[in-house]
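To start, the structure under review is shown below, and the notes come after it.
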Amino acid sequence: QELPEMVLLKFFRPENTPVPTRPTPEQLSNLIKTSLHYPESFNHSFHQKSLCLVPVTLLLSNCSQAVVDVMIDLRHKTTSPEALEVHGSFTWLGQTQYKLQLKSQEVYSLQLKACFVHTGVYNLGTPRVFAKLADQVTLFETSQQNSMPALIIINNI
């Protein structure tokens, strides 16, 4: 009984041509991690002063290894009736838009002021953050995933 002839297999590997990898929309929406730092509740005498100002820190962390252009927009309002019913409306004081650039893994702290005219529970999680890789020519930045609601209680004393 004759054994079948053995044939050597040859494996060819194409040249290592690096394909420029475009980040996925999912990756682009996770370039910047944001967190708000503020007091859980704030006591204010509305009889003495009608405007209650609360300092809020918006912390921006560049989660990528690249330089990222960031745009922060504070003009966004929660317009759904349920949200207004529960949280009411407040205003960010001062500048309403910021443009900055964060280096790889950089953390940036932005000092904001929230202004309230009534007691109640408010959602401070309204800042919209957009980002794009600095070296990419894009017409618009990708909206960054927003964290959970950031509730604050304003009390009258």
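Only a predicted model underlies this, so the values are computations on that prediction, with no experimental measurement involved.
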Kindly determine whether Phe116 and Val54 satisfy side chain to side chain contact (heavy atoms under 4.5 Å, CB included), including the steps that lead there. CA-CA 8 Å; Phe116 305 91; Val54 179; 3.6 Å; yes
Residues in side chain to side chain contact (heavy atoms under 4.5 Å, CB included) contact with [X], at least two apart in sequence or another chain:
X      : answer
Gln105 : Gln65
Val117 : Leu51
Thr119 : Phe46, Asn156

So which atom in [X] and which in [Y] form the shortest heavy-atom distance, rounded to 0.1 Å?
X      : Y      : answer
Phe90  : Cys115 : CB-O, 3.4 Å
Val107 : Ser61  : CG2-OG, 3.9 Å
Trp92  : Leu124 : CZ2-O, 3.5 Å
Asn155 : Ser41  : ND2-CB, 3.9 Å
His37  : Leu59  : NE2-CD2, 3.6 Å
Gly125 : Leu36  : CA-CD1, 3.8 Å

Beyond-backbone contact of [X] with [Y], side-chain heavy atoms, under 4.5 angstrom:
X      : Y      : answer
Leu112 : Tyr98  : yes
Val68  : Ile32  : yes
Thr34  : Leu58  : yes
Tyr122 : Ile154 : yes
Leu53  : Leu93  : yes
Pro55  : Tyr38  : no
Ile72  : Leu100 : yes

Distance in Å, [X] [atom1] paired with [Y] [atom2], rounded so as to fall on 0.5 Å steps:
X      : Y      : atom1 : atom2 : result
Asn62  : Lys33  : CG    : NZ    : 12.5 Å
Ile157 : Gln48  : CD1   : CD    : 7.5 Å
Lys99  : Phe130 : NZ    : CZ    : 10.5 Å
His118 : Ser50  : NE2   : OG    : 10.0 Å
Leu102 : Cys63  : CG    : SG    : 10.0 Å
Lys132 : Leu31  : NZ    : CG    : 11.0 Å

What do the steps show when you test Ser104 against Glu106 for side chain to side chain contact (heavy atoms under 4.5 Å, CB included), and what is the final call? CA-CA 5 Å; Ser104 166; Glu106 184 180 353; over 6 Å; no
Take Gln101 and Asp69 through the test side-chain hydrogen bond (donor to acceptor under 3.5 Å, both in side chains) and record every step on the way to the result. CA-CA 4 Å; Gln101 197 172 70; Asp69 288 332; 2.7 Å; yes
Give a yes or no on whether Gln95 atom CD has more than 12 heavy-atom contacts from other residues, nucleotides or ligands under 6.0 Å away. yes
Scan side-chain atoms only and decide if Ser109 and Gln111 contain a donor-acceptor pair under the 3.5 Å cut-off. yes
